[in-house]
Amino acid sequence: QVQLVESGGGLVQTGGSLRLSCAASGRTSSGDTMGWFRQTPGKEREFVAAISRSGGSIRYADSVKGRFTISRDNAKNTVYLQMSGLKPEDTAVYYCAAGRAFPLVVAGAGGYWGQGTQVTVSS
């Protein structure tokens, strides 16, 4: 089993930056993929980014390409989402996700979720 705890959310002005962190604990493996999703009220949870354990596979949603960067520090069991050039439409609860297979995590079916952290971008 894996526990995921997000941090780093908050209020930022349009054009600003935030870095989200997700610390993983419990049972993990070298094949684990981690990623980020986001959700606003009344909308389905939306894929944002994912990264394999080795960092060899990375995928971003088109809406965040060029602005967000996902990375991880396996020694700290932590994945990061560096967000720059933030827009009001980025406002959402951001959830950390994890799973055994990269395609499953991208599809939202990895099996592990964090509690979410709120990101609000003011205009």
- Query: What do you reckon, are the aromatic ring centroids of W36 and F47 less than 6.0 Å apart?
  - Reply: no
Under 4.5 Å between side-chain heavy atoms, counting indirect links through other Ile/Leu/Val/Met/Phe/Trp/Tyr residues: same cluster for Y95 and Y80 or not? no
Interatomic distance, CG@D90 vs OG1@T120, rounded to 0.5 Å, equals 11.0 Å
Closest heavy-atom pair, A50 versus V106, reported as atoms and distance to 0.1 Å, is CB-CG2, 3.9 Å
Note: T33 and A101 closest approach over all heavy atoms is OG1-C, 4.0 Å
Fill in: Backbone of A49 reached by a side-chain donor or acceptor of R59 within 3.5 Å
no
Closest non-hydrogen contact found for S122 with L11 is CB-CD1, 4.2 Å
Exercise for the section: Using only heavy-atom distances, determine whether the side chains of E46 and Q39 contain a donor-acceptor pair under 3.5 Å. Expected result: no
S57 backbone acceptor or donor facing S52 side chain under 3.5 Å: yes
Applied to residues 68-89, the salt bridge (Lys or Arg N to Asp or Glu O under 4.0 Å) test, sequence neighbours excluded, yields none
Heavy-atom closest pair (G99 atom, V105 atom, distance to 0.1 Å) is N-CG2, 3.3 Å
Notebook entry, point to check: Heavy-atom count around R45 CZ within 6.0 Å, excluding the residue itself: above 12?
Noted result: yes
Hydrophobic cluster membership, with links at side-chain heavy-atom distances under 4.5 Å among I/L/V/M/F/W/Y: are V48 and L18 in one?
yes
OG of S71 to CD1 of I58, rounded to nearest 0.5 Å, is 8.0 Å
Across all chains, not counting sequence neighbours, the side chain to side chain donor-acceptor pair (under 3.5 Å) partners of D62 are K65
Quiz item: Is there side-chain contact between I70 and Y60, with at least one heavy-atom pair below 4.5 Å?
Solution: yes
Rounded to the nearest 0.5 Å, the CG atom of N77 sits from the OG atom of S25 at a distance of 8.0 Å
Given the rule in the side-chain contact (heavy atoms from CB on, under 4.5 Å) test, do T69 and M83 qualify, once you have shown the distances and angles that lead to the verdict?
CA-CA 7 Å; T69 301; M83 305 184 293; over 6 Å; no
Minimum side-chain heavy-atom gap F102-I51 below 4.5 Å:
no
- prompt: Would a 4.5 Å heavy-atom cut-off, applied to side chains only, mark E6 and Q115 as touching?
  reply: yes
- Query: Would T40 and T91 satisfy side-chain contact (heavy atoms from CB on, under 4.5 Å), going step by step from the backbone distance to the final call?
  - Reply: CA-CA 7 Å; T40 57; T91 295; 5.6 Å; no
Is there side-chain contact between M34 and C22, with heavy atoms separated by less than 4.5 Å? yes
field: Within one Ile-Leu-Val-Met-Phe-Trp-Tyr cluster: V12 and L81, side-chain cutoff 4.5 Å
entry: yes
Nearest heavy-atom approach of V93 to Q118 is CG2-OE1, 3.2 Å
Nearest heavy-atom contact between V79 and C96 is CG1-SG, 4.0 Å
| Can you find a side-chain donor-acceptor pair between Y94 and R38 that sits under 3.5 Å? | yes
Begin with the C-alpha distance, continue with both residues' side-chain angles, and end with the deciding distance and a verdict on side-chain contact (heavy atoms from CB on, under 4.5 Å) for D32 and R100.
CA-CA 5 Å; D32 286 350; R100 188 81 173 107; 4.1 Å; yes
By ring pair (Phe, Tyr, Trp, His ring centres under 6.0 Å), F68 pairs with (sequence neighbours left out) none
